[in-house]
Structure formats: structure tokens, C-alpha cells
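Written out below as C-alpha cells is the structure these notes cover.
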Amino acid sequence: MDQKMDKTYNPVLWEDQIYEKWEKSGYFNPDNLNLPENAPNYTMILPPPNITAKLHIGHSSVMAIEDLFIRYHRLCGYRTLWIPGTDHAAIATQNVVEKKILAEEKKTRHDLGREKFLEKVWEFLHETQAVILKQTRKMGASIDWSRTAFTLDEDRKRAVNKMFVDMYKEGIIYRGERIVNWCPRCQSTLADDEIEYQEQKASFYTFKYDQNFPIAISTTRPETKLGDTAIAVNPKDERYKKYIDQELSANFCGQELNLKIIADINVDMNFGTGALGVTPAHSMIDSQMAIKNNLKTIKVIDEEGNIKENFGKFSGQKVLVARKMIIEELQEKNLIIKEEEINNNLSTCYRCGTAIEPLPSKQWFVSVDTKIPRLGNKSLKEKAIEAGENKKIEFIPDRFTKRYLDWMTNLHDWCISRQIWFGHEIPVWYRGEEIYVGEEKPQGKDWKQDPDTLDTWFSSGMWTFSTLGWPDNFQNGKKLNDLQKFHPTQMLETGYELITLWISRMIMMSIFALDEIPFEKVYLHGMVLDKNGKKMSKSKRNGIDPLDMIEKFGTDSLRLALLLGNTPGNDLRMSEEKIAGYRNFINKLWNISRFIISKTNDFSDDFDPQKLSLSDKWILNKLNKTIKKTSLDLSAYKFSLSGEELREFTWNDLADWYLEANKFEKDEDNKNKVLLFILKNILKLWHPFIPFITETIWQQLGEKQMLIVSSWPQAQEVNFDSEEQSFNIIQEIIMSIRNARSEHRIEPGKKLQAIILSPRNKELLEQQSHLIKSLKTGINQIKIIGDKSEISAKKNIFITLADIEIYLIGGFDEEKEKIRRDKEIANLKKMIDSIENKLNNQNFVNKAPAELVAQEKEKLNNYKLELRKILN
RNA sequence: GGGCGCAUAGCUCAGUUGGCUAGAGCACUUCGUUUACACCGAAGGGGUCCAGGGUUCGAGUCCUUGUGCGCCCACCA
């Protein structure tokens with residue numbers, strides 16, 4: 001790379017070629033890393049993005065965080081593997097494509113037929129997949145493309161089929177009739193977490209089934225009452241006690257009902273009439289009561305949302321029409337006791353917003369409670385809970401462990417069949433009453449495959465091991481090849497909203513297939529919100545397109561904006577201004593490097609430790625501390641904190657102090673080597689955050705090896721703490737002088753003379769006086785004295801720092817100086833008072849740690865000394 | 001109804017096991033074009049740490065009650 005380094009960093013010139021170099025090098029693939037056999041693993045899967053749309057800024061955040069983890073561990077010598085892929089997102093994708101063909105061709109999927117429709121889906125999928133992969137590269141993801149997977153590709157299909165058959169054979173998968181959440185529009189069941197509740201006003205009717213019926217009930221859905229088979233009351237309810245266990249009959253709008261009166265403690269005596277009409281076919285809890293009490297189930301509503309046959313005049317009517325008819329009839333017969341408006345949560349389909357009908361239906365389920373002999377006679381639920389409880393799987397932040405455990409504890413069987421076309425076909429065939437479950441279509445004629453497909457989470461639940469070659473790499477209970485090398489993975493990084501949908505399923509499926517956890521740690525990030533704290537959405541037009549931002553500010557700036565200020569489990573606000581702010585930092589780093597590079601001839605960094613100046617030792621000590629702190633925080637996944645530390649070091653210590661000092665010090669050769677040493681170190685430290693610019697600069701340094709595979713810096717053993725303190729004194733003096741000039745409004749060009757009295761540090765200040773003169777203090781003459789008697793100045797500014805006194809000759813304004821002094825005196829008095837109070841408190845002196853008390857005493861002495869100096 | 005989180009400078013947020021004279025970035029004020037950088041440099045102003053009560057020598061930090069906001073789960077007959 002022979003490009004010149006411009007005054008400002010232009011990411012567009014560098015980023016693509018850098019990514020190409022990385023990709024060509026093969027280092028994204030752990031097999032090419034030339035590591036010792038015993039190198040530790042660091043494996044992570046990319047949560048496969050849905051192929052429904054191009055990536056948004058939330059995905060960018062995922063990639064920034066995960067790439068940081070991966071690059072950090074690669075530099076630390078781990079065998080790092082990050083597996084890319086995409087998710088077919090069955091229902092979501094089918095919906096997008098359905099909408100698309102409706103808009104473009106005015107056709108429904110039924111017009112096209114299953115085969116044609118699926119062709120359209122695959123067409124769409126190839127387009128979006130290409131865009132997604134391009135965006136991933138743009139983000140700088142150092143991900144192993146050679147292992148790319150798709151939840152619906154051939155390898156995953158085999159894995160899914162094998163899993164289904166294995167689970168069926170062990171009795172974990174079963175077919176059952178259960179109340180499911182049915183969307184009449186999508187013609188599909190929905191999982192609990194695919195339901196959206198919409199608050200609405202609803203009419204809440206209290207009525208009797210007929211004139212002679214002794215008990216009144218309440219409902220918002222009178223039409224379902226056609227299928228009532230019982231009335232439930234609270235066993236403690238005095239009003240109804242006498243009816244319990246009786247069987248009563250009623251004529252409800254022409255329909256004969258046989259109603260058993262049952263007792264159930266879950267019935268709230270104070271709600272409605274305290275009596276509940278039980279409709280086993282169209283309500284979840286009613287169905288449970290029906291199972292408990294052995295009640296008949298009468299189906300009233302069909303899959304289209306119409307009243308079924310054999311309900312007289314209501315048959316064939318839409319649900320809402322039937323409801324109106326029943327209300328009118330009840331009104332005519334004067335059976336309605338009360339009609340009130342209540343707030344009701346309507347269950348709707350998260351895709352299309354249609355009201356959900358709870359319906360009994362034949363579906364495939366994964367049992368979470370069936371004991372599995374092979375797994376110590378424990379159920380999947382029990383094993384998954386165990387993994388969380390004994391911290392085999394650790395959640396970051398920890399509070400989500402509780403949420404995971406709560407959810408797992410209340411988990412019900414998982415309905416895995418979906419009545420849609422796009423997805424994994426269920427490996428089950430029927431012939432009349434016969435049923436065959438197997439990985440391949442059975443021999444013989446007339447077998448018909450189950451028309452349903454599998455819940456998309458069934459395939460993504462296997463992601464940690466299906467991407468590593470399961471089932472081929474699992475023979476006779478033994479893991480082989482990639483599966484053996486990389487499973488369980490070390491880290492799962494994903495959003496907290498996926499704990500229930502995805503994380504819990506991955507844990508159960510990995511336990512079933514391999515009898516081991518899928519990952520050791522789960523890092524949960526929050527959502528990326530707009531600058532007002534609102535969710536980004538297309539309709540609100542408050543979204544930020546990552547590709548636009550990359551174009552404008554570069555990937556590194558975007559990554560910093562996504563990484564700094566981002567803490568686990570908390571949402572992050574994002575704005576263009578923020579990204580622009582980090583662009584400024586990137587440019588600063590660029591210019592720091594430019595300055596350093598311009599001073600060196602041979603890029604050598606082997607400085608002579610004997611020739612180090614005070615400022616050299618100071619910056620090396622700071623670097624040492626930064627390395628330690630940054631490494632510690634990164635290994636604890638506090639990347640935001642370590643980024644802040646790095647920025648502090650880079651901008652405040654290195655640029656503002658060390659580089660400035662460097663301009664005014666001798667022994668250039670050795671100092672330039674120190675500069676190179678520092679630069680190489682910070683490039684490594686920054687690399688996981690901002691890979692492009694660091695690699696770009698690195699390649700200007702004549703290094704043979706790429707930065708991506710260099711090694712994480714180690715802290716030096718030497719300790720320059722006392723030198724650091726000495727340099728701090730110089731810094732304080734310089735800042736005091738600048739401050740005094742500013743307070744006194746001394747013209748910038750005006751040169752002053754300084755006399756500094758410092759009995760303890762005379763020698764130090766003499767040695768460093770060139771810095772005091774040079775670093776933006778406007779001092780042209782300086783005199784360091786160790787004894788007050790040497791002072792002869794008349795008009796001067798007086799600054800005190802513990803036992804140091806500074807006299808600035810010239811530019812003195814008596815009034816301003818008085819104001820300044822009064823302020824300082826007041827402040828000092830306040831401090832002294834507060835410490836004295838503390839020290840007068842016997843409890844403090846006796847109970848606080850001795851070290852702290854001594855510290856306070858020393859502080860007090862210093863303040864007193866300063867005060868005395870000023871008052872003199 | 002059950003649970004979780006948040007509340008600190010004008011804004012966005014840090015603040016590890018209690019030791020704080022409460023920090024950073026942005027914004028703001030003043031000054032400065034000095035040969036790495038104006039996407040810059042120097043100096044500065046700005047806070048009852050949501051409110052009440054408690055524990056403690058000491059509370060932004062721990063306990064408790066309340067208020068406001070956000071989220072999750074359940075229920076809504």
C-alpha cells in the first residue's frame with residue numbers, strides 16, 4: 001500500500017481494500033491461524049439475520065460487538081471461529097413475499113400454488129441474502145465465510161429431519177389435539193410469543209342461557225357459549241355451592257346445552273357473576289378445566305373463523321355476525337342482565353393483526369416434561385433449568401438468569417407445526433390411518449407428506465451444532481471434526497428479547513442432541529433506539545441506514561458509536577451527531593499516527609531504557625496501566641469502559657501531553673522509538689474496536705504481519721509510578737500557569753517570567769523547566785528556587801500548590817488577583833472545615849480504616865499549608 | 001396481578017466490594033489559526049445524584065416506602 005496519508009482520514013479510500021486483504025489472507029478461518037495444538041477455543045455463531053429485509057442498525061450493532069469479541073480473542077491467541085449464516089424466518093418471509101406478489105401481480109399464494117409460490121420465495125431470498133452478506137463485509141466482520149450456513153439449506157434440512165425423527169422415536173415429539181392460537185387469515189397456528197395484545201374497549205355481557213337457568217354468566221364472546229359444556233364456580237362461593245356437581249340443561253338461543261357445574265379455585269368470585277361458562281374448544285384455561293373434569297369438547301368455530309354446522313341459523317356465519325345475532329336474541333328474550341364496556345386485551349396475530357381464534361387442532365409438539373432415560377431420567381425442561389441454575393451457562397448481565405429461569409419453569413409443550421408453505425417440511429407421511437415418521441419418504445405408493453412445515457425456531461434452535469456438521473460429525477455418541485473441535489461454543493451474543501424464542505430452545509435442543517450446553521456465556525445487548533429513545537421503524541422514518549453512515553463517516557466511526565456507551569442489557573440511543581463525534585476521534589488517531597510516522601525513518605521501536613526522559617517514563621507508565629485496565633475490562637466484557645479508557649489515553653495523555661512534550665525534547669532518536677512503541681501498542685489495543693483504520697495505519701509501518709493476527713499487548717514489568725507522580729507535578733504547574741493567564745486575561749502573545757519556589761522538587765523542576773516554558777504557558781524566563789529568601793519580585797501573580805509557590809512576573813492585575821485569591825481561600829476553608837469535622841468525629845477516627853484516616857490527615861495538612869501561603 | 005430495569009450537569013450516559021471535594025462526551029462561554037490534526041488547541045461555567053424514611057463514623061452506592069418512565073410474564077370468563 002503506497003498511498004499517502006492525507007491530512008484527514010478518508011475511510012472510503014481504505015476500507016474495502018483492507019477487507020479484501022483480510023479475506024484473502026484466510027485468517028477469518030481458524031484452521032489458517034497456525035496456532036499451537038493446545039490453544040484455547042473461542043467460538044461464536046452469528047445470530048442468523050432474517051432474510052426478509054436488508055440489515056438495519058440493530059444488526060450493525062450485533063456485528064460491531066461480536067467482531068470486537070472475536071478480534072480481541074484472536075489477538076489474545078485463541079482459536080477463533082465466528083460462523084455466519086442467515087435464517088429463513090418462515091412466517092415472516094412468507095408474509096413479505098405474499099405481500100409482494102399481491103402488490104406486483106395482484107395474486108395470492110393460492111393463485112400461484114405451492115410450487116410456484118416457493119419459487120418466488122427463493123428468488124426473493126437470493127436477492128436479500130446477497131445484500132445481507134455485502135453489508136456484513138462492510139461492517140468489517142472477521143467471520144469465517146467458508147462455513148456460511150442457511151437454516152434451510154441441504155445440510156440443515158438433514159439435521160432437522162434427523163432431529164425430528166430422533167425426538168419422535170424417544171417420545172419427545174408427539175401429535176396431539178390442543179387448543180392453539182389460530183390466525184384465520186394466515187391459516188396458521190401461532191406460538192404464544194407470536195401474539196400481540198391490543199388493548200380495546202369491548203362489551204361485556206352478563207346474561208342467563210335461558211329463563212329457567214338459575215345461574216347467570218358473563219362474557220365478551222357470547223357466540224362461543226354455543227359450545228359450553230360446564231359452569232365453573234369457586235368452591236368457596238356460598239351462592240353456588242348447592243349446584244356443584246349437578247348437571248343442568250339449558251336452551252341457549254335454540255341450542256341444547258348440557259352443563260355440569262364444577263368447582264375450580266381459579267374462578268374469581270368477585271369477577272362478573274362469579275360463575276364462568278366453560279367453553280373447552282375455544283379457550284385455553286377452559287380446555288384445561290375440561291381435561292381435569294373430563295368434559296366434552298364442542299367445536300363451534302372453524303378454521304376460517306365461521307360458526308360450524310349443526311348450530312342452526314348461526315352455522316356458516318362469521319364470528320362477529322353470530323355474536324350480534326345472539327345478543328339480539330338475548331335482548332328480545334330479555335335475558336341480558338347487564339352490558340358494560342370494559343378494557344379488553346385482544347389477542348392478535350403479530351404478522352397481520354387479525355384477531356386470534358383459539359381452536360382445537362391437530363399439531364406436532366415437543367414435550368418439555370417427558371423424562372428421558374438417556375439424560376439421567378430428566379426432562380428437557382429440568383436439564384435446561386439445571387444449566388442456568390448451576391451457572392454452566394452464564395448470562396451477562398446476570399439479572400437475565402432469573403428471567404430465563406422464570407420462563408423455563410413455566411414452559412409448556414412447544415407447538416412446532418406451522419400451516420405455511422415456506423419452511424422445513426415435516427418428515428411424516430400418512431396413508432389412510434397409517435403414519436410413517438422417517439428421514440426419507442417411505443417405500444410404496446400413496447404416501448402423502450404432512451402438509452405443514454416446522455416452526456422456524458426448530459431449525460435455528462439447532463444452530464450451534466447444525467453449523468458444525470451435526471449429524472454427520474456425531475457418530476456413536478462421539479463428536480468428530482468441527483463438532484468435536486468447536487462445540488460447545490464459548491459465547492452467544494444476542495438481544496434480550498430472544499431469551500424465550502431462541503436461547504431456551506437452543507439449550508434444550510443441544511441437550512437433547514449432544515447432552516451438552518450449546519454455549520458457555522450469553523451476552524445480551526439492548527435495542528438501538530433513535531435519539532429520542534423511540535424504536536426505529538420504517539413508518540416513523542426515524543431509522544438510520546448503516547450503509548449511509550458508513551459512506552459518510554466510515555465503518556470505524558459507526559462501530560465506535562455503537563460500542564462506546566453501550567452496556568449489556570440496556571438500550572442504546574443512536575444519532576448521526578454521535579457518529580460524527582466519533583469520526584472526529586478517528587481523525588485524531590489518524591493525525592497522531594501521521595505525526596509519529598513523519599518522525600521516523602526505520603519504524604524501529606527498540607528504545608534504550610537507559611535513555612528515557614521523565615515524560616517518556618510517564619507515558620510508558622500510563623500505557624502500562626492502560627493495557628492492564630483495558631485487558632481486564634475486555635475480558636469481563638466491559639468493552640464500553642475499556643474503550644473510554646483507551647480514548648482517554650490516546651487523546652488526553654498521548655496527544656495532548658506526550659506529543660506536545662516530545663516536540664521540545666532532545667534525544668530525538670530514542671524518543672521516536674518510544675513513539676513508535678506506543679503507536680504500535682495502541683493500534684493493537686484499538687484494533688477490536690476500529691479494525692479498518694488501525695490496520696491501515698499498521699500497514700504504513702512496514703510490518704510484515706497483518707495487525708489482525710498480531711498479538712495483544714502485555715504490560716511491562718517495569719514500574720515508573722514515582723516518575724508518573726513527578727510528571728503530574730509538572731502538569732499541575734503548567735495548568736495553573738495557563739489558568740492564571742486566562743483569569744488575568746493576559747494577551748496570548750505576551751511573555752512572562754516565572755519564579756517557582758519548590759523546596760522539595762527543585763531539582764525536578766530545573767530538569768523539566770524546558771517543558772514549563774514550552775507547553776503553551778507563554779513563559780520565556782524561568783527560575784527555580786528552593787528558598788523563599790531568594791524572591792525579590794514586587795508585582796506578581798501568586799499560585800500555590802501544596803508546598804509549591806509560583807510567581808508570574810508581568811501582566812498582573814491587582815483587582816483580578818484579589819478576586820481569584822478570595823475564591824481560592826474560601827474554597828480551601830471549606831475543605832479544611834469538612835476534613836476537620838471528620839477528624840473530630842471519634843467514631844470516624846476509631847472505626848474507619850487507619851489508612852483512610854491518615855490520608856485525610858495528610859490532605860488537611862496540605863490544605864492548611866496552601867491556605868497559610870496564600871494568606872501570607 | 002407477578003417480576004425486572006431506569007431516574008446523576010441543558011442532552012446522552014459512566015460511577016466496580018459503601019471512602020466523592022460526584023466524572024466523561026456533546027452542547028455552552030471566553031481565548032487562540034503554534035510547522036500532526038479547526039473533524040484542532042487552551043481555559044472556564046454548570047449537579048439538593050427523583051422524593052421521604054432507615055442502616056452506618058461515612059450513602060450516588062445498601063435497606064424500605066412512594067412517584068414517574070420503560071420492558072417482560074400471566075390474566076382478562
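Lettering follows sequence order; numbering is per chain, from 1.
The cationic atom of A:K680 (NZ for Lys, CZ for Arg) does not lie both less than 6.0 Å from the six-membered ring centre of A:F603 and within 45° of the ring axis.
If you take atom P in B:A22 and the same atom in B:C26, they sit 22 Å apart, rounded to whole Å. Comparing B:C75 with B:C57, their P atoms sit 49 Å apart, to the nearest whole Å. Comparing B:U61 with B:U55, their C1' atoms sit 14 Å apart, to the nearest whole Å. Separation of the C1' atoms belonging to B:A24 and B:G47 is 14 Å when rounded to the nearest angstrom.
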Scoring nucleotides 41-47 of chain B by protein non-hydrogen atoms under 4.0 Å (B base, S sugar-phosphate only, - none) yields SSSS---
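To the nearest angstrom, C1' of B:U35 lies 10 Å from CZ of A:F664.
The base of B:C4 is not paired with the side chain of A:R399 by any donor and acceptor separated by under 3.5 Å.
Sorted by first and then second residue, the pairs that involve residues 550-562 of chain A and meet side chain to side chain donor-acceptor pair (under 3.5 Å), not counting sequence neighbours, are A:E15-A:T555, A:D67-A:R559, A:K552-A:E576.
Side-chain atoms of A:K402 lie closest to B:C4 of the nucleotides B:C4, B:G19, B:U12.
A close approach under 4.0 Å does not occur between any side-chain nitrogen or oxygen of A:R403 and OP1 or OP2 of B:C4. Note on A:N570: every side-chain N or O is 4.0 Å or more away from OP1 and OP2 of B:C6. Within the 4.0 Å cut-off from OP1 or OP2 of B:A14, at least one side-chain nitrogen or oxygen of A:T567 is found.
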Output the pairing pattern of RNA chain B as a dot-bracket string, 5' first, Watson-Crick or G-U wobble with both distances under 3.5 Å, | for cross-strand pairs, [ ] for crossing pairs.
(((((((..((((.....[...)))).(((((.......))))).....(((((..]....))))))))))))....
Evaluation steps, salt bridge (Lys or Arg N to Asp or Glu O under 4.0 Å), between A:K622 and A:E648:
CA-CA 11 Å; A:K622 285 268 187 186; A:E648 164 97 16; over 6 Å; no
Enumerate, atom names and distances included, each donor-acceptor pair closer than 3.5 Å involving a side-chain atom of residues 840-848 of chain A, sequence neighbours excluded.
residue: A:N840; atom: ND2; partner: A:E836; partner atom: O; Å: 3.3
residue: A:N841; atom: OD1; partner: A:N843; partner atom: N; Å: 2.9
residue: A:N841; atom: OD1; partner: A:F844; partner atom: N; Å: 3.4
residue: A:N846; atom: ND2; partner: A:Q842; partner atom: O; Å: 3.1

Compile the donor-acceptor pairs under 3.5 Å between side chains in residues 578-590 of chain A and protein atoms, sequence neighbours left out, one pair per line.
residue: A:K578; atom: NZ; partner: A:R573; partner atom: O; Å: 2.8
residue: A:N587; atom: OD1; partner: A:Y9; partner atom: N; Å: 2.9
residue: A:W590; atom: NE1; partner: A:D6; partner atom: O; Å: 2.7

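Base engagement by A:K638 is indicated by at least one non-hydrogen atom pair under 4.0 Å involving a base atom.
Considering only residues two or more places apart in sequence or on other chains, A:T494 meets the side chain to side chain contact (heavy atoms under 4.5 Å, CB included) condition with A:P47, A:L492, A:L498, A:W502, A:I503, A:L524.
Between A:W686 and A:F689, the ring planes lie perpendicular to each other; the angle is over 60°, past the 30° to 60° tilted range.
In A:E340, the CD atom is crowded: over 12 heavy atoms of neighbouring residues, nucleotides or ligands sit closer than 6.0 Å.
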